[in-house]
Student: 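Here you go, one structure.
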Amino acid sequence: MKRFFEQYLKRVDFDISRHGQAVAEASISSSKAGFPNFEPQEQYLIELEKRIQCAAHDTRNNHLVLLEDENEILSGLLWLEFLTYPIGFDGDHKLEPWPELLGLYGAQIRNTWVSERYRGRGIASTLKRDAEAIASSQKAHFLYTRCAKSNTGIISLNRKLGYHIIDEDGDYFRMRKLLINGM
């Protein structure tokens, strides 16, 4: 798996003029993985554009790992957002506190995406491990992600990598992996 990754894909720096639209399309594609009939509303697209702009300019609190193939086509994406946990870490959704995390620094995986052409080759696993390494290097206490209950592939991968379901939010599971022991 790793050999394929190293041979055919390369990590590249995020350039909003070059990658902005591709990141937006990847984000929408990720939503469709859990909800095949998902069609983004205008407000969703406006918020997504704001987040991409923020990620481009606020590299202290956002980290994007982009993978391109030999044709410089976006082939994989990992988007981490760092912040100190307030009430309801994923501020867009149900605000429910996890008291043991209040005031702790963590990372939210906003998006993990691999193009259909490269799925099944361990790339999502590699990206998730990259997330853990990046979060650990930033001294984050935990990684958090939210995924559709219907996206059994990513739920299975997350569990395999040590994430635990900590909450349900309608059609989604909230999952977390602790990075610093003793919590």
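Predicted model, so just to flag it, every value in this text is computed and none were measured. Any value given below was found using the heavy atoms of this structure, including those in side chains, with hydrogens, waters and symmetry copies removed.
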Student: Decide yes or no for D130 and R11: does some side-chain heavy atom of the first lie under 4.5 Å from some side-chain heavy atom of the second?
Tutor: yes
Student: Check the surroundings of atom CD in Q53: do more than 12 heavy atoms from other residues, nucleotides or ligands lie under 6.0 Å from it?
Tutor: yes
Student: Looking at D15, I'd like to know if its CG atom is crowded, meaning that more than 12 non-hydrogen atoms belonging to other residues, nucleotides or ligands lie closer than 6.0 Å.
Tutor: yes
Student: Which pair of heavy atoms, one from A135 and one from L179, lies closest together, and at what distance?
Tutor: CB-CD1, 3.6 Å
Student: What residues, two or more places apart in sequence or in another chain, satisfy side chain to side chain donor-acceptor pair (under 3.5 Å) together with E68?
Tutor: R18, H19
Student: Where do N158 and K128 come nearest, in terms of heavy atoms and distance?
Tutor: OD1-NZ, 2.8 Å
Student: So, the side chain of T126 versus the backbone of G122: is there a donor-acceptor pair under 3.5 Å, distance only?
Tutor: yes
Student: Would you check if D171 and S150 make a side-chain contact, meaning some heavy-atom pair closer than 4.5 Å?
Tutor: no
Student: Sub-3.5 Å donor-acceptor pair from the side chain of K10 to the main-chain atoms of E72, do we have one?
Tutor: no
Student: Give a yes or no answer on whether the side chain of S136 reaches the backbone of A133 with a donor-acceptor pair at less than 3.5 Å.
Tutor: no
Student: In terms of heavy-atom contacts, does CZ of R159 have more than 12 from other residues, nucleotides or ligands at under 6.0 Å?
Tutor: no
Student: Is R119 reaching over with its side chain to a backbone N or O of V114, donor-acceptor style, under 3.5 angstrom?
Tutor: yes
Student: When rounded to the nearest 0.5 angstrom, what distance separates CD1 in I155 from OH in Y172?
Tutor: 11.5 Å
Student: Keeping K177 on the side-chain end and L161 on the backbone end, is there a donor-acceptor pair under 3.5 Å?
Tutor: yes
Student: If hydrophobic clusters are built from ILVMFWY residues whose side chains come within less than 4.5 Å, do L48 and I46 share one?
Tutor: no
Student: Using side-chain heavy atoms (C-beta onward) and a distance below 4.5 Å, is F173 in contact with Y163?
Tutor: no
Student: Taking the side chain from S75 and the backbone from I73, do they hold a donor-acceptor pair closer than 3.5 Å?
Tutor: yes
Student: Between T145 and I109, what is the shortest heavy-atom contact and its length?
Tutor: OG1-O, 3.6 Å
Student: Please confirm whether the backbone N or O of E25 pairs with a side-chain atom of S29, one donor and one acceptor, at under 3.5 Å?
Tutor: no
Student: Do the ring planes of Y105 and F82 sit parallel (below 30°), tilted (30 to 60°) or perpendicular (above 60°)?
Tutor: parallel
Student: Locate the shortest heavy-atom distance separating I52 from G20; write the atom from each residue and the value.
Tutor: CD1-O, 3.9 Å
Student: Between R129 and E132, does any NZ, NE, NH1 or NH2 come within less than 4.0 Å of an OD or OE carboxylate oxygen?
Tutor: no
Student: Write down the atom of L74, the atom of V23, and the distance for their closest heavy-atom approach.
Tutor: CD2-N, 4.1 Å
Student: More than 12 foreign heavy atoms under 6.0 Å from CD of Q41: is that the case here?
Tutor: no
Student: Which heavy atom in L127 sits nearest to a heavy atom in L77, and how many Å separate them?
Tutor: CD1-O, 3.6 Å
